[in-house]
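A short worksheet on the structure shown next.
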Amino acid sequence: MSGESWAATWLDGMSWAVVVFFAVVNTFYAVQLVAAALELRRNAHLWSAEDRGRLASSRVAPRITVLAPAYNEEVTVEESVRALLTLEYSNLEVVLVNDGSTDGTLAVLQDAFALEPVHPVYWRRISTQPVVGLFCSTTHPHLIVVDKRNGGKADALNAALNMASGELVCAIDADTVLDGDALLRMARPFLADADVLAAGGTIRLANGSTITGGRVGRARAPRSLLAGVQAVEYLRAFLFGRLGWNRLGGNLIVSGAFGLFRREAVLSAGGYLHDTVGEDMELIARLRRQARESGAPDLVHFVPDPVAWTEAPETLAALGRQRDRWHRGLADVLWRHRRLMFNPRYGRLGMVVFPYFFFVELLAPVLEAVGLLVLMPAALLGGDGDSFPLLFLLAGYGYALLLTAATLVMNESLHRHYEGVRERLVMILWAVVENVGYRQLTVVWRLRGLWNFLRGRHHWGTMPRQGFGRSATIPVPREATELSL
Amino acid sequence: VSLDGSAPLWYALGIEGALVTILFVAVLARGALKDRHAARDGHWLVELQAALVTADEPSGGVYRVQEAVTALPLRVQVSVLAELLPNLAGRQRAALSLAVAGTDFATRAERWCHSRLWRRRRRGVRLLALLDTGSAAAAQLLHDPHQRVRNQAVSWAARHPTADVIVALLEMVGRPRQAAPFLVKDALVRIGDAVVEPLIRFLTVERGARLRVGLEIATALGDPRVLPAALTASADSLPDNRALAATLAGRMGGEDAVRRLRELLGDPDPTVRAAAAGGLGTCAHWPSAAPVASLLGDSAWLVRSEAAVALGAMGAPGVLLLRRSLTDEDPFARDAAHRVLDLLHAGSHRSAG
């Protein structure tokens, strides 16, 4: 066999592998889309204004403790805490953890909420960096402030968990902006079903929207290219990806920016792990795995309506670092829990969810890169006029655009949608533009993340934020995993 | 084997292009429709609110409200009522209820309750709940085969507590497959006084998870008549139930409750000891301060913490013991006392503020 024919055969084989992968994955996406649409319809039927009033005024509503880590947030911390304290929920507690800030975060809090020091003894069910101060507010009885040595987000959340008294705990990021009724909506699965361990809500990008009094007013589509394509990506990842999983085996990730958990379950599992950059996904994987191993229910729901807003990076460098970190986190979690893979003992978690995250979410950038690198030479070697590889790529991106378009339709069913023709046109524009350049860049970033994981790099990095009218450099959370082609 | 034949891909691309175009048009059309509905509903809501403002005028105030309600399309009526009715009180609520009574809403809702479609039955009972209308058909839906209909019927039942309805609700307690546990609990607590006697019977016969939920409901109700049942439950084999019974007994107070709570201070389970200490604190039984203070050195953090909080709630005698504990040999007792004294200090600032 000549060298040229061997190369042609090899390329042909690889091309077929890419085509088969493409067919399997996209068939699964179609199933996921149908599941998401059915879930969205079910959710619309479940919620009514009357339910909201009933829960808001109930004497038996379970206590929810909001766990809010803060690191160098002196500019925004007062407004953020006030927004948390005024969330629509009758039985609310806020535990804010000052994670060793080097600025005036604690001083601002002491001044704004008339904090009084309390002897810092607490039930240390999870080990954390030392707590150096504990404060309660003389003006807001439901606010507790914990001052501790810096240990990162996971450590701060663990410290907050030690202090929390709520039956349910809501973990958020320092820069998360919650809709006023987000907790009321998010609590619903826990009230309806005692078997629910955790629930996640939709995260939207606040880039472009106006924030007043710690709340996002009218939702506007981001105007900058990078934020715009991410807005589309977030919508797809949450409304199509995570919602679909409700019917296909349950979610393996609840965003660190906004998740609600049964406190006892998290404490029993040992809280958040420090030595991973994917601590939010790792917690869910561990909770579900342990529940399965002990024969307990392992329901993790995604609720599309509760909306939390966050800020997306608007520079390529910051975005690249973020995606690199997310992919490292994904690889790390999948490696730690590799026992789940095709293990029938874990039911659909082991047989469907985990393999999906491995083959589709983790390896997708590899196969996508191989696809791009192989299909082009295949076209060159396949003879004149063979347009198959190019058409195949176009069909792949067309299918991705189809899924995005379906997500935009689904988004119109939610109470929080983009109002006005102009906003919708802008979102449509970003949906189209996303496929040209941006998707290919995410492949590069995720490949870099995989490479860095294999090299054993585990640091978080930083993200300079534009800020909702502010500027700060803080660790950023893991977010939605990317859909692969 | 080679990849060739690009014709199917051309077809696929064509189909994708057509579908994407349709979906984008759907986004714009659906969005525009939604915006239009929102604007129109907002306009109707403003009209109705304006009519409600003049509802107590003798010259046809209620009539104007009724006119505004009937002007709403059916699609909007239920959602507007759902938004407005729970937030209205006094004359405005009475006027809206009167206006709604003049329509055929209730008849229509009753008819829907008999529908073969579960969604319509659910809508019917939801409308009846909003209208605050009693109905045999709605009561029957507590036994509906579909859980979501039963859930909605439970919401309705909170405002229409006949003996049969209460029995049906108590049957659902601790049985999550029958109805959402929160809704059942909330409905029974909202019913209030009428639930107490059936609940006492329930607490005396039930065990396990059902007893636990029953005790939670009794605690939220806080009616002293449940005390004997709570005392019986305080001897239950499950620690969770004994702890809940102790909390409940603490809320009731009285000689029998205190005697039992003091016995439970020596329970082998820490959650029960903590609840017993908490109970004595809730009823501020200062003569029990000394035995509660002895728990400041308990091996369980929860017990130490609850004992300290209870002492803080007992007034001067408790605070005195807390101050003495600041020099206790046991560092855990010192810590627990220190923390509660700090909390009391912060609390006094709050009250002064």
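Reminder, nothing fancy here: chain letters follow the sequence lines and each chain counts from 1.
Interface summary for chain A: among B/V20, B/D335, B/L13, the most heavy-atom pairs under 4.5 angstrom belong to B/D335. For the options B/N151, B/L19, B/I15, B/V27, heavy-atom pairs under 4.5 Å to chain A are most numerous at B/V27. Each of A/M427, A/E412, A/M410, A/E423 has some count of heavy-atom pairs under 4.5 Å with chain B, and the biggest count is that of A/E412. Options A/I428, A/V432, A/L134, A/D195 differ in how many heavy-atom pairs under 4.5 Å they form with chain B, and the most are formed by A/I428. The residue among A/V421, A/L394, A/T404 with the most heavy atom pairs within less than 4.5 Å of chain B is A/L394. When B/P181, B/A12, B/S305, B/A26 are compared by the number of non-hydrogen pairs under 4.5 Å with chain A, B/P181 comes out ahead. When the candidates B/V189, B/V340, B/L341, B/I22 are compared by the number of heavy-atom contacts under 4.5 Å with chain A, B/V189 comes out ahead.
Two rings, from A/F113 and A/F135, have their centers 6.0 Å or more apart.
Contact of A/A114 with chain B is not made at all, since no heavy-atom distance falls under 4.5 Å. For B/A158, the part lying under 4.5 angstrom from a heavy atom of chain A is the side chain only. Residue contact with chain B, scored on non-hydrogen atoms closer than 4.5 Å, is absent for A/P120.
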task: Verify side chain to side chain donor-acceptor pair (under 3.5 Å) between A/S413 and B/R30, making sure each step is shown before the conclusion.
output: CA-CA 9 Å; A/S413 308; B/R30 193 171 178 184; 3.0 Å; yes
Residues 214-223 of chain B, side-chain donor-acceptor partners within the protein, below 3.5 Å, at least two apart:
residue: B/E216; atom: OE1; partner: B/K185; partner atom: NZ; Å: 2.8
residue: B/E216; atom: OE2; partner: B/R212; partner atom: NH1; Å: 3.2
residue: B/T219; atom: OG1; partner: B/L215; partner atom: O; Å: 2.7
residue: B/D223; atom: OD1; partner: B/R225; partner atom: N; Å: 2.9
residue: B/D223; atom: OD1; partner: B/R225; partner atom: NE; Å: 3.0
residue: B/D223; atom: OD2; partner: B/R225; partner atom: NH2; Å: 3.0

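Counting heavy atoms from C-beta outward, B/L302 and B/P270 have side chains that stay 4.5 Å or more apart.
Listed by chain and residue number, A/R63 satisfy the salt bridge (Lys or Arg N to Asp or Glu O under 4.0 Å) test with A/E93 (two or more places apart in sequence, or in another chain).
Under a cut-off of 6.0 angstrom, the local environment of CZ in A/R422 is sparse, with at most 12 non-hydrogen atoms contributed by other residues, nucleotides or ligands. Summarising the local packing, CZ of B/R323 is surrounded by 12 or fewer heavy atoms from other residues, nucleotides or ligands at distances under 6.0 Å.
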